Amino acid sequence: MIYIGCHLSVTNGYEAMGNQMVDFGGNTFAWFTRNPRGGKSKDVSDEDVAALQEVLKDNEFGTLVAHASYTMNLCSAKPETRANGLDMLKQDLQKMEKLPGQYYNFHPGSHTGQGAEVGIQQIADGLNEALWSDMHTTVLLETMAGKGSEVGRSFEELKKIIDLVQCNDKLGVCFDTCHTWDAGYDLVNNLDGVLEQFDKIIGLDRLKAVHFNDSKNDCGAGKDRHEKLGEGFIGMDAMRKIATHPAFQGLPFILETPNDDAGYIKEIATVNSWF
Ligand code: FE
Ligand code: FE
Ligand code: ZN
């Protein structure tokens, strides 16, 4: 089975997102914990959280996948950017405690010239400061396309971060299909092989969520430009094989495709028709 949804705007609060996803035909969703390009996060009321929880329960939603701001970079060469990123992470994780048991996904970071090894250590340092042993959120490292100086372009890099974090029982991985494809993992011709590699290097028990995107570019392009399902280089046949692969069953799938509401409703229906 599958939990499917897309990114929603948090402007009208939490309950509104739950109701909107019910209308869209989905049963999970993602939202930005603050403006994706930076800025403050709005407060959330206990009433709104309780109302959302009711919607989630009534409609048998899967785990939700919050997304951190793109500006949060735990491994920038600039110490102020790192400190700012750590502040955002700490605040976001405190806020997530109001809605226990969900996922919080973030881009590991861009090392901005320091090299991947330094980046990996700084990301782990940040996580070691922000995570605590009895928190109620699982923090997901997103697989990255490898654009610029992005860290997390390979399963090995993600595994290194995980190994350096003390509370790593609170860590998992969000598998972005566009990003892994762009990073050079051939999801079209070698899906089983890619997942075997993931299992060998990271372990499938860490696989918690999927960002379900086609790609505007070919495998290994290192670009990170999402495309609508079936309209990119991955193609609908491979997208269906991914969604129905045993390794992904029961995980929340989040669409980050370039769509308007009608487009998301259509893609959610398409994915649901595979089950
Ligand atoms: Fe992302
Ligand atoms: Fe993504
Ligand atoms: Zn992307």
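Note that the structure is predicted; figures quoted are calculated from it, not measured. Order of appearance sets the numbers: ligands from 1, and atoms from 1 within every ligand. The figures here come from the full heavy-atom set of this structure, side chains too, leaving out hydrogens, waters and symmetry mates.
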Inset, instruction - Would you mind checking if Lys228 and Asp214 are paired as a salt bridge, meaning a charged N to carboxylate O distance below 4.0 Å? - result: no
Inset, instruction - State, with a plain yes or no, whether a side-chain heavy atom of His211 is found less than 4.5 Å away from one of His67. - result: yes
Inset, instruction - Of all N, O or S atoms in Glu256, identify the one at the shortest distance from the Fe ion (ligand 2). - result: OE1
Legend entry - Angle, OD2 of Asp176 through the Fe ion (ligand 2) to OE2 of Glu142 - 10° precision: 90°
Legend entry - Qualifying residue, where the test is side-chain contact (heavy atoms from CB on, under 4.5 Å) with Thr137 and the options are Glu97, Gln94, Lys170: Glu97
Legend entry - Heavy-atom closest contact (Ala209 atom, Leu140 atom, distance): CB-CD1, 3.7 Å
Inset, instruction - Examine all N, O or S atoms of Cys178, backbone included, and report whether one is under 2.8 Å from the Zn ion (ligand 3). - result: no
Legend entry - Check ion pair Lys160-Glu157 (N to O, under 4.0 angstrom): no
Legend entry - the Zn ion (ligand 3) - closest N/O/S atom in Asp224: OD1
Legend entry - Angular separation of His67 NE2 and His107 NE2 about the Fe ion (ligand 1), given to 10°: 100°
Inset, instruction - Please work out the angle at the Zn ion (ligand 3) defined by atom NE2 of His226 on one side and atom NE2 of His179 on the other, rounded to 10°. - result: 110°
Inset, instruction - Output yes when Lys147 and Asp224 qualify as a salt bridge under the 4.0 Å nitrogen-oxygen rule, no when they do not. - result: yes
Legend entry - Name of whichever N/O/S atom of His211 is nearest to the Fe ion (ligand 2): ND1
